[in-house]
Amino acid sequence: MRFYNLAAAVCTVFALAAPVRAQGVFKFSDEVFDFKTIAEGTLATHEFTFTNTGNQPLVIANVQASCGCTTPEWSKTPVLPGKRGFIKAVYNSNGRPGAFNKTVTVTSNADKPSITLSIKGTVLTREQMQKTYTPEQLAKSAKLVLAAPQVALGKLEAGRTANTHFTVRNEGKQALVLNGLYSACNCVNYKAIPEPIAPGQQADVTLTYAPREMGEQAETVALYSNDITQADVKVTLRATVVKNLNESSMLREGAAAVPFK
């Protein structure tokens with residue numbers, strides 16, 4: 001009995017003397033978020049918040065999304081014990097109707113070095129979403145109106161990016177927010193997303209166009225916004241893409257080449 005008590009006491013002393021492993025620990029408020037249904041064109045955003053319940057600072061080395069349609073952001077500075085941090089996932093639903101289930105993988109110095117978070121939901125087309133709105137919601141909506149449905153770009157040189165602009169009016173009851181666009185060629189994008197447009201006001205929208213094929217081109221661009229009164233508003237960009245602008249626009253005057261004016 002005395003030998004047993006002595007052995008137990010020795011084990012207890014060693015246990016007390018053994019250092020506690022120093023490490024950060026994630027405690028998330030949620031690890032899976034369901035958006036339920038969202039309108040096509042929405043930038044669906046969810047912020048996963050966490051607390052560091054460990055005894056050392058948490059350092060997030062990287063957050064990797066499962067696809068290019070999901071863009072993550074996260075706390076870039078060490079999160080001290082007892083403090084809160086975040087990991088934000090943004091899903092771009094432009095041109096992606098239907099169900100989605102995307103993940104972001106978090107790599108860190110925590111006790112679990114790799115953690116996976118998930119966002120999911122169903123993207124409905126504008127036509128489908130309109131059936132879910134009440135008359136009161138439709139009456140209070142922003143309303144996007146184009147000054148012209150087409151933009152003529154003239155001749156463009158292959159391999160070059162062109163900027164073009166057009167005017168958008170808001171004829172609705174609340175501020176108009178443009179939050180995305182879709183083109184089948186993936187060759188059109190916002191140069192900069194405009195600020196919200198107040199009711200009764202208008203603004204110029206600038207797009208960048210990088211043609212990928214030669215000849216006559218007509219690219220249809222769907223504009224996504226918080227206008228719930230109508231299906232996607234579309235603008236068409238028309239251009240003639242040539243190999244080299246200089247070859248078709250230079251004249252000889254004496255010994256000097258001069259461009260058409």
Side-chain angles (χ1 to χ4, degrees), residues 35-46 65-73 88-102 104 119-133 138 141-153 156 160-172 175-197 202-213 216-239 241:
F35 288 100
K36 305 298 183 183
T37 58
I38 60 174
E40 184 180 358
T42 300
L43 292 175
T45 303
H46 180 67
S66 60
C67 73
C69 55
T70 305
T71 306
E73 299 177 20
K88 183 187 294 184
V90 182
Y91 177 69
N92 185 351
S93 65
N94 291 350
R96 298 183 175 96
F100 67 92
N101 191 335
K102 304 299 179 182
V104 290
I119 56 173
K120 61 182 181 178
T122 301
V123 178
L124 300 182
T125 64
R126 289 303 175 109
E127 291 84 352
Q128 292 172 319
M129 285 298 294
Q130 279 183 292
K131 298 177 182 179
T132 70
Y133 295 124
L138 293 171
S141 173
K143 186 173 178 60
L144 190 160
V145 177
L146 293 175
Q150 297 189 23
V151 177
L153 298 174
L156 300 179
R160 297 292 184 89
T161 298
N163 293 331
T164 187
H165 69 273
F166 55 92
T167 301
V168 168
R169 295 197 306 274
N170 179 11
E171 297 184 358
L176 175 66
V177 180
L178 300 177
N179 53 28
L181 59 79
Y182 172 76
S183 67
C185 66
N186 290 320
C187 58
V188 183
N189 209 337
Y190 285 121
K191 186 175 183 180
I193 295 181
E195 294 294 323
I197 304 169
Q202 65 182 36
D204 283 342
V205 177
T206 302
L207 302 181
T208 61
Y209 173 42
R212 297 180 178 178
E213 296 184 8
E216 299 293 330
Q217 302 298 321
E219 305 294 353
T220 299
V221 182
L223 303 176
Y224 297 118
S225 71
N226 62 335
D227 177 0
I228 64 174
T229 67
Q230 57 188 325
D232 305 330
V233 176
K234 298 178 180 179
V235 60
T236 301
L237 308 183
R238 295 188 178 276
V241 183

Enquirer: With sequence neighbours left out, what residues match E213 under side chain to side chain donor-acceptor pair (under 3.5 Å)?
Expert: none
Enquirer: For E171, give me all partners under side chain to side chain donor-acceptor pair (under 3.5 Å), at least two apart in sequence or on another chain.
Expert: R169
Enquirer: Could I get the full list of side-chain contact (heavy atoms from CB on, under 4.5 Å) partners for T164, not counting sequence neighbours?
Expert: V151, L153, L207, L237
Enquirer: Sequence neighbours left out, what passes side-chain contact (heavy atoms from CB on, under 4.5 Å) with R160? Give chain and number order.
Expert: E157
Enquirer: Looking at side-chain heavy atoms only, is the closest gap between L176 and V168 below 4.5 Å?
Expert: yes
Enquirer: Do T161 and Y209 come close enough that some side-chain heavy atom pair is under 4.5 Å?
Expert: no
Enquirer: Please examine the side chains of I119 and T70, heavy atoms only from C-beta on, and report whether any two atoms are closer than 4.5 Å.
Expert: yes
Enquirer: Below 4.5 Å, heavy atoms only, C-beta onward: do T208 and V188 meet side chain to side chain?
Expert: no
Enquirer: When you measure from the side chain of N170 to the backbone of I197, do you find a donor-acceptor pair of N or O atoms at a distance under 3.5 Å?
Expert: yes
Enquirer: Of all residues at least two apart in sequence or in a different chain, which pass the side chain to side chain donor-acceptor pair (under 3.5 Å) check with N186?
Expert: none
Enquirer: Q230: what forms a side-chain contact (heavy atoms from CB on, under 4.5 Å) with it, not counting sequence neighbours?
Expert: K143, L144, D227, V233
Enquirer: Among all residues two or more places apart in sequence or in another chain, which pass the ring-ring contact (aromatic ring centres under 6.0 Å, His included) test with F35?
Expert: F33
Enquirer: Counting only N and O atoms by type, is there a donor-acceptor contact under 3.5 Å from the side chain of S183 to the main-chain atoms of V221?
Expert: no
Enquirer: Considering residues at least two apart in sequence or located in another chain, which fulfil the side chain to side chain donor-acceptor pair (under 3.5 Å) criterion with T71?
Expert: none
Enquirer: Would you confirm whether T132, through its side chain, and M129, through its main-chain N or O, come within 3.5 Å as a donor-acceptor pair?
Expert: yes
Enquirer: Test of understanding: with ring-ring contact (aromatic ring centres under 6.0 Å, His included), list the residues that count as partners of F100, not counting sequence neighbours.
Expert: Y91
Enquirer: Taking the side chain as C-beta and beyond, is there a heavy-atom pair between Y190 and L181 under 4.5 Å?
Expert: yes
Enquirer: For residues C187 and E219, determine if any side-chain heavy atom of one lies less than 4.5 Å from a side-chain heavy atom of the other.
Expert: yes
Enquirer: What I'd like to find out is whether the side chain of S93 reaches to under 4.5 Å of the side chain of I38, using heavy atoms alone.
Expert: yes
Enquirer: List for me each residue that meets side-chain contact (heavy atoms from CB on, under 4.5 Å) alongside K120, sequence neighbours excluded, and say none if there are none.
Expert: V32, D34, N101
Enquirer: Quick check against the 3.5 Å criterion: does S225 have a side-chain atom that pairs as donor or acceptor with the backbone of L223?
Expert: no
